[in-house]
Asker: 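First the structure, which I've put down as structure tokens, then a few questions once you've had a look.
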Amino acid sequence: MASSRAHAQMRASALKDGLTDRGRFGAIHEAIDSSQLWQYRQALSLTAPSHIVALASEVTRALEAIRDQLIDVPSITEDRFLHLRAVYWLKNADLREAMRLDLGMSGPPDPEVGNYRGPAPLR
């Protein structure tokens, strides 16, 4: 998924050595832009039911919060980042489950979703 690619690329960009604040800002924005997240979201808004689009918007907002945090504090071990990542994972799991239901998929649940379910994120 584009959101997973955006998440991974933003983390990698935030941790690059030798970047100025301005350079890090640009690299993190480029990471999310190059993931094609916005293009996929737009395509989804044309084809998916409104509840799926709403969940995709929540995933995007969660990624934007991670982006902003990584720009402010380029660390993936800070409590705030860990909280935002947990929120993202939960929103992503909600979206994946809803998309599978919308497509009429039967059988066992998506095994990847189980990896995202855990204790509620701490505030």
Side-chain angles (χ1 to χ4, degrees):
M1 288 178 77
S3 65
S4 296
R5 186 170 41 253
H7 180 242
Q9 290 174 199
M10 284 191 305
R11 280 192 339 260
S13 295
L15 299 176
K16 283 183 183 173
D17 287 332
L19 290 178
T20 64
D21 288 346
R22 186 180 178 119
R24 188 172 323 285
F25 177 92
I28 291 171
H29 275 273
E30 175 61 27
I32 198 168
D33 291 345
S34 69
S35 73
Q36 297 186 318
L37 178 66
W38 313 122
Q39 293 88 335
Y40 286 115
R41 273 283 317 286
Q42 186 175 26
L44 190 63
S45 72
L46 297 173
T47 59
S50 60
H51 71 283
I52 299 292
V53 174
L55 289 170
S57 293
E58 290 180 22
V59 170
T60 302
R61 281 192 298 277
L63 279 170
E64 289 169 339
I66 289 172
R67 176 200 63 203
D68 296 344
Q69 174 64 22
L70 288 172
I71 288 169
D72 289 343
V73 181
S75 170
I76 60 171
T77 58
E78 292 287 320
D79 288 343
R80 180 75 178 140
F81 172 83
L82 296 174
H83 165 74
L84 293 171
R85 184 184 64 186
V87 169
Y88 162 70
W89 282 349
L90 291 171
K91 298 293 183 188
N92 198 35
D94 291 344
L95 175 60
R96 289 173 70 122
E97 289 173 338
M99 290 177 84
R100 285 176 54 88
L101 285 173
D102 184 63
L103 293 171
M105 301 191 70
S106 59
D110 179 351
E112 288 295 313
V113 169
N115 294 331
Y116 300 122
R117 297 285 184 213
L122 300 175
R123 294 263 177 224

Asker: With a 4.5 Å heavy-atom cut-off, do D79 and H83 have their side chains touching?
Answerer: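 In short, these two side chains do not touch, never coming nearer than 4.5 Å.
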Asker: For residues Y40 and S35, is any side-chain donor paired with an opposing acceptor at under 3.5 Å?
Answerer: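 Note: Y40 and S35 side chains miss the donor-acceptor criterion.
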Asker: So which heavy atom on I76 is nearest to which on F81, and how close?
Answerer: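 Taking every non-hydrogen atom into account, O-CD2, 3.3 Å.
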Asker: Between M99 and L44, is the side-chain contact (heavy atoms from CB on, under 4.5 Å) condition met? List the steps.
Answerer: CA-CA 11 Å; M99 290 177 84; L44 190 63; 4.2 Å; yes
Asker: Among side-chain atoms of R5 and S34, is any donor-acceptor pair under 3.5 angstrom?
Answerer: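 There is no such pair between these side chains.
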Asker: Side chains of P74 and L15: closer than 4.5 Å at any heavy-atom pair?
Answerer: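 In short, these two side chains do not touch, never coming nearer than 4.5 Å.
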Asker: Mind listing the closest non-hydrogen atom pair of S45 and V53 along with its distance?
Answerer: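 Heavy atoms of S45 and V53 come nearest at CA-CG2, 3.7 Å.
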Asker: Any idea which heavy atoms bring D102 and I52 closest together, and the distance?
Answerer: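 Nearest heavy atoms, D102 then I52: CB-CD1, 4.2 Å.
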Asker: For residues Q69 and I66, determine if any side-chain heavy atom of one lies less than 4.5 Å from a side-chain heavy atom of the other.
Answerer: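 Q69 does not reach I66 side chain to side chain.
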Asker: Determine whether T77 and L82 make a side-chain contact, defined as any pair of heavy atoms from C-beta on separated by less than 4.5 Å.
Answerer: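 No, too far: nothing below the 4.5 Å cut-off.
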Asker: Is it possible for you to say whether V73 and Y88 belong to one hydrophobic cluster, with membership spreading through side-chain heavy-atom contacts below 4.5 Å?
Answerer: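 Different hydrophobic clusters.
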Asker: What class does the angle between the rings of W89 and H7 fall in, given that below 30° is parallel, 30 to 60° is tilted and above 60° is perpendicular?
Answerer: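 Taking H7 first and then W89, their aromatic rings stand perpendicular (interplane angle over 60°).
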Asker: State, yes or no, whether a side-chain contact exists between T60 and E64 at a heavy-atom distance under 4.5 Å.
Answerer: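 Side-chain contact under 4.5 Å: yes.
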Asker: Are any non-hydrogen side-chain atoms of L19 and F25 less than 4.5 angstrom apart?
Answerer: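 With C-beta onward as the side chain, the pair stays apart.
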Asker: How long is the straight-line distance from CZ of R67 back to CD1 of I32, given to the nearest 0.5 Å?
Answerer: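 Between atom CD1 of I32 and atom CZ of R67 there are 5.5 Å.
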Asker: Just by distance, with hydrogens left out, do S13 and E30 show a side-chain donor and acceptor under 3.5 Å apart?
Answerer: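 No, no side-chain donor-acceptor contact under 3.5 Å.
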Asker: side-chain contact (heavy atoms from CB on, under 4.5 Å), that's the test. Do N92 and S4 meet it? Break it down for me.
Answerer: CA-CA 9 Å; N92 198 35; S4 296; 4.1 Å; yes
Asker: Would R41 and V59 count as a side-chain contact (heavy atoms from CB on, under 4.5 Å) if you check the C-alpha gap in whole Å, the side-chain angles of each, and the deciding distance to 0.1 Å?
Answerer: CA-CA 10 Å; R41 273 283 317 286; V59 170; over 6 Å; no
Asker: So, R24 side chain and A14 main chain: donor-acceptor pair closer than 3.5 Å or not?
Answerer: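 Yes: the side chain of R24 pairs with the backbone of A14.
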Asker: In Å, rounded to the nearest 0.5 Å, how long is the span from CG of L63 to NZ of K91?
Answerer: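 L63 atom CG to K91 atom NZ measures 12.5 Å (nearest 0.5 Å).
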